[in-house]
Chemist: 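Before anything else, here's the structure in question.
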Amino acid sequence: TDLSKIRNFSIIAHIDHGKSTLADRLIQRTGGLTDREMSSQVLDNMDIEKERGITIKAQTVRLEWTAADGETYTLNLMDTPGHVDFAYEVSRSLAACEGALLVVDAAQGVEAQTLANVYQSIEHDHEIVPVINKIDLPSAEPDKVKAEIEDIIGLAADDAVLASAKSGIGIDEVLQAVVDRIPPPKGDRDAPLKAMLVDSWYDPYLGVVILIRVIDGSIRKGQMVKFMAGGTQHLVDRVGAFRPKIENLPELGPGEIGFITAQIKDISQTRVGDTITDVKRPAPAPLAGFKEVQPVVFCGLFPVDAADFEKLRDSIHKLRLNDASFSFEMETSAALGFGFRCGFLGLLHLEIIQERLTREYDLDLITTAPSVVYKIHLSKSKEEGAKTIELHNPADMPDPNRIDTIEEPWIEATIYVPDEYLGAILKLCQDRRGIQKDLTYVGGRAQLRYELPLNEVVFDFYDRLKSISRGYASFDYHQIGHREGDLVKMSILVNAEPVDALSMIVHRASAETRGRGMCERLKDLIPRHLFKIPIQAAIGGKVIARETIAALRKDVTAKCYGGDISRKKKLLEKQKEGKKRMREYGSVQIPQEAFIAALRMG
Ligand code: GTP
């Protein structure tokens with residue numbers, strides 16, 4: 001294909017501003033699908049994505065559009081994940097494009113994620129075309145939003161396209177703007193093959209499918225290629241593009257985006273950002289900026305019913321086929337039995353995996369408290385000398401006497417919030433050990449920059465932020481490295497037995513509050529037994545909080561069962577069923593729900 005007739009672009013937007021709806025409209029307008037095929041959103045093709053309305057995996061669609069000049073253009077629309085957890089994937093897909101449509105909701109205006117995504121796009125030297133969406137809404141204020149785009153982002157918005165993806169207004173104008181304003185790709189057809197691995201996923205029919213952007217040279221069926229970072233070689237057995245249905249192509253040339261398959265069984269061989277080159281005539285150097293993605297949040301996943309362990313293992317392996325960024329290893333817990341310690345890119349990633357296991361694989365799971373990665377500097381011991389370890393699991397915390405210092409990861413967060421909720425948000429950040437860096441007003445809203453320990457964010461920061469601001473605050477963050485902190489391991493003891501799944505690493509100053517909160521919640525969550533149950537939070541051997549669950553009085557149960565035998569039977573059966581969902585700690589039974597609820601910070 002003639003390079004001057006190609007346009008590669010992505011759509012960047014804050015969640016819910018209409019990215020998927022607009023993408024669908026563009027596909028529909030360019031004739032990729034019939035109306036019936038359009039009935040469900042095409043780009044978000046996983047159930048969970050549909051339900052939550054978020055985009056997880058990047059997808060690309062090739063569109064053909066005859067522009068005002070009468071020429072037909074190939075437009076590659078790349079869908080990018082919108083959430084911070086997938087920042088690296090976003091960044092790589094952006095690197096495969098020359099421009100972006102910046103979709104801003106005409107009623108909501110610019111949000112924190114809009115900003116974060118725009119900055120990334122600008123870093124990739126993109127031409128950015130603002131699209132003000134949802135102009136059909138009575139509450140739409142396109143002029144105000146234009147001013148916001150200019151003031152906050154610093155992008156000229158005079159010629160922003162006004163659109164309604166829902167009603168189909170402005171769709172041709174969007175396509176024409178892509179052709180007119182986004183530059184065509186550059187590339188050298190005669191140079192050795194250099195293609196970027198943008199994304200990969202497992203397809204039951206095709207095997208591992210790899211989305212690529214060809215920079216130089218070309219790639220054909222039958223070619224032996226090499227993955228430069230991965231170090232593996234593969235025979236290309238299919239080359240094609242999505243329209244959005246699969247279409248096989250003889251080759252992909254410079255500037256083109258499409259997919260290949262190469263009989264790859266294991267997705268871990270395909271690393272996003274890797275460079276693909278020809279084995280016989282390799283490129284002299286790989287593309288810049290390749291990075292190995294590292295999980296930042298860890299937690300344990302255990303089956304509620306120990307008999308489900310095999311099923312959990314199979315399911316985790318299957319999930320992993322489609323998500324190379326999710327890591328796991330077996331873990332055994334004194335209380336929870338066999339399970340897995342899993343690593344995630346962030347909290348949303350954790351939730352998605354957990355939900356897919358529960359829903360698609362029908363598993364009842366216990367999730368332990370999420371933990372970040374701590375760097376623990378150990379003092380000199382006779383055997384090993386001084387050394388540093390990375391800690392993913394509070395249960396593996398070394399003896400405090402051996403620890404010199406502990407470092408924890410920090411983030412810089414940007415928060416947008418309407419004035420009226422500012423006070424409450426400031427307090428939340430302060431309570432979470434936040435350091436305020438900046439507070440400015442833009443377009444009637446406060447823009448806050450805070451440095452926060454990631455540890456304080458992984459529990460429920462985002463939920464709290466949303467509930468405090470009635471959903472109006474928006475939040476975005478990036479990691480800024482590790483810092484030393486006064487951190488301790490807090491254990492929870494139920495009836496004097498430590499419950500390893502509930503132990504967590506906390507800042508010393510907030511240990512007591514956290515501990516007290518946990519004990520109070522557990523007191524309400526654990527049903528009464530025939531004996532008194534002490535619940536304690538402790539650091540080392542020192543108890544810092546305590547609650548007691550009073551004993552159940554026998555006569556009370558007797559009274560409520562009355563003399564009705566059949567009712568009593570039913571009750572007993574129900575109890576039996578309930579027991580399956582219980583975990584035993586010594587002689588105490590803790591319902592599964594108690595874990596989940598207890599781990600949600602109040
Ligand atoms: P993520 O995938 O989560 O990033 O969301 P998104 O930006 O893709 O948003 P999506 O397209 O799912 O749209 C969010 C909501 O806005 C949906 O309920 C859409 O129906 C609605 N919506 C999208 N475009 C328009 C529009 O032009 N007008 C109106 N009134 N609603 C729209």
Side-chain angles (χ1 to χ4, degrees), residues 9-29 32-33 35 38-61 77-87 89-91 93-94 100-118 120-121 128-142 144-146 149 160-175 177 199 244 345-349 351-352 355 416 462 466 471-476:
F9 69 105
S10 60
I11 305 183
I12 51 184
H14 188 76
I15 284 176
D16 275 351
H17 283 198
K19 188 172 76 178
S20 306
T21 312
L22 179 65
D24 289 350
R25 277 289 174 189
L26 299 180
I27 295 169
Q28 187 184 30
R29 183 71 189 90
L33 286 178
D35 282 352
M38 285 307 303
S39 65
S40 59
Q41 286 200 353
V42 180
L43 284 187
D44 289 352
N45 54 11
M46 277 199 280
D47 273 358
I48 291 182
E49 293 190 25
K50 229 178 265 172
E51 218 161 274
R52 302 189 154 210
I54 49 165
T55 313
I56 301 164
K57 273 283 171 191
Q59 283 278 10
T60 291
V61 184
L77 158 58
M78 187 165 266
D79 195 17
T80 54
H83 194 272
V84 285
D85 282 4
F86 307 100
E89 285 187 10
V90 179
S91 163
S93 7
L94 292 181
L101 296 176
L102 167 64
V103 175
V104 184
D105 187 317
Q108 302 290 325
V110 173
E111 302 273 3
Q113 272 172 30
T114 320
L115 218 61
N117 289 330
V118 169
Q120 273 202 329
S121 198
I128 298 169
V129 178
V131 175
I132 298 175
N133 188 36
K134 306 199 189 183
I135 55 159
D136 60 295
L137 291 176
S139 53
E141 293 181 279
K144 189 175 156 209
V145 173
K146 272 189 191 175
I149 292 174
V161 183
L162 301 186
S164 164
K166 196 172 169 186
S167 329
I169 302 168
I171 303 304
D172 283 7
E173 286 77 0
V174 170
L175 289 163
D199 193 8
L345 298 179
L347 270 191
L348 179 76
H349 192 209
E351 268 181 53
I352 287 166
E355 207 168 307
Y416 273 80
Y462 191 63
K466 283 286 171 194
Y472 283 112
S474 60
F475 167 73
D476 195 72

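Atoms within each ligand, like the ligands themselves, are counted from 1 in listed order. Atoms considered below: every heavy atom in the structure, side chains included; atoms not considered: hydrogens, waters and symmetry mates. Numbers here are sequence positions counted from 1.
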Chemist: Is S20 in polar range of ligand 1, meaning some N or O pair under 3.5 Å apart?
Modeler: yes

Chemist: Using distance alone, decide if ligand 1 has a nitrogen or oxygen within less than 3.5 Å of any nitrogen or oxygen in I135.
Modeler: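 No; the residue has no nitrogen or oxygen that sits under 3.5 Å from a nitrogen or oxygen of the ligand.
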
Chemist: Report, in ascending order of atom number, the atoms of ligand 1 lying under 4.0 Å from any heavy atom of L137.
Modeler: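 Those atoms are 30 (N).
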
Chemist: For the residue pair T21 and K166, what are the closest heavy atoms and their distance?
Modeler: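 Shortest heavy-atom separation between T21 and K166 comes out as CG2-N, 4.1 Å.
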
Chemist: Counting only heavy atoms, which portion of D136 has something under 4.0 Å from ligand 1: side chain, backbone, both, or neither?
Modeler: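 Near ligand 1, D136 shows its side chain, while the N, CA, C and O stay back.
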
Chemist: Give the atoms of ligand 1, by number and element, whose distance to some non-hydrogen atom of S164 is under 4.0 Å.
Modeler: 26 (C), 27 (O), 28 (N)

Chemist: Suppose I only count heavy atoms of H14 and a 4.0 Å limit; which atoms of ligand 1 are within that range?
Modeler: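 Per the distance check, 7 (O).
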
Chemist: Any N/O of G18 closer than 3.5 Å to an N/O of ligand 1?
Modeler: yes

Chemist: What is the minimum heavy-atom distance between L26 and L101, and which atoms define it?
Modeler: CD1-CD1, 4.3 Å

Chemist: Who's closest to atom 31 (N) of ligand 1 heavy-atom-wise, of K166, H17, Q108, K19?
Modeler: K166

Chemist: What are the two closest heavy atoms between S10 and L94, and how far apart are they?
Modeler: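 Looking at all heavy atoms of both residues, the closest pair is OG-CD2, 3.3 Å.
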
Chemist: Please give me the minimum heavy-atom distance between I11 and K19, naming the atom from each residue.
Modeler: O-CD, 3.2 Å

Chemist: Where is the tightest heavy-atom contact between A107 and L137, given as atom of each residue plus distance?
Modeler: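 Nearest heavy atoms, A107 then L137: CB-CD1, 4.1 Å.
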
Chemist: Residues two or more places apart in sequence or in another chain: which of them pass side-chain hydrogen bond (donor to acceptor under 3.5 Å, both in side chains) with S121?
Modeler: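 side-chain hydrogen bond (donor to acceptor under 3.5 Å, both in side chains) check on S121 returns H126.
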
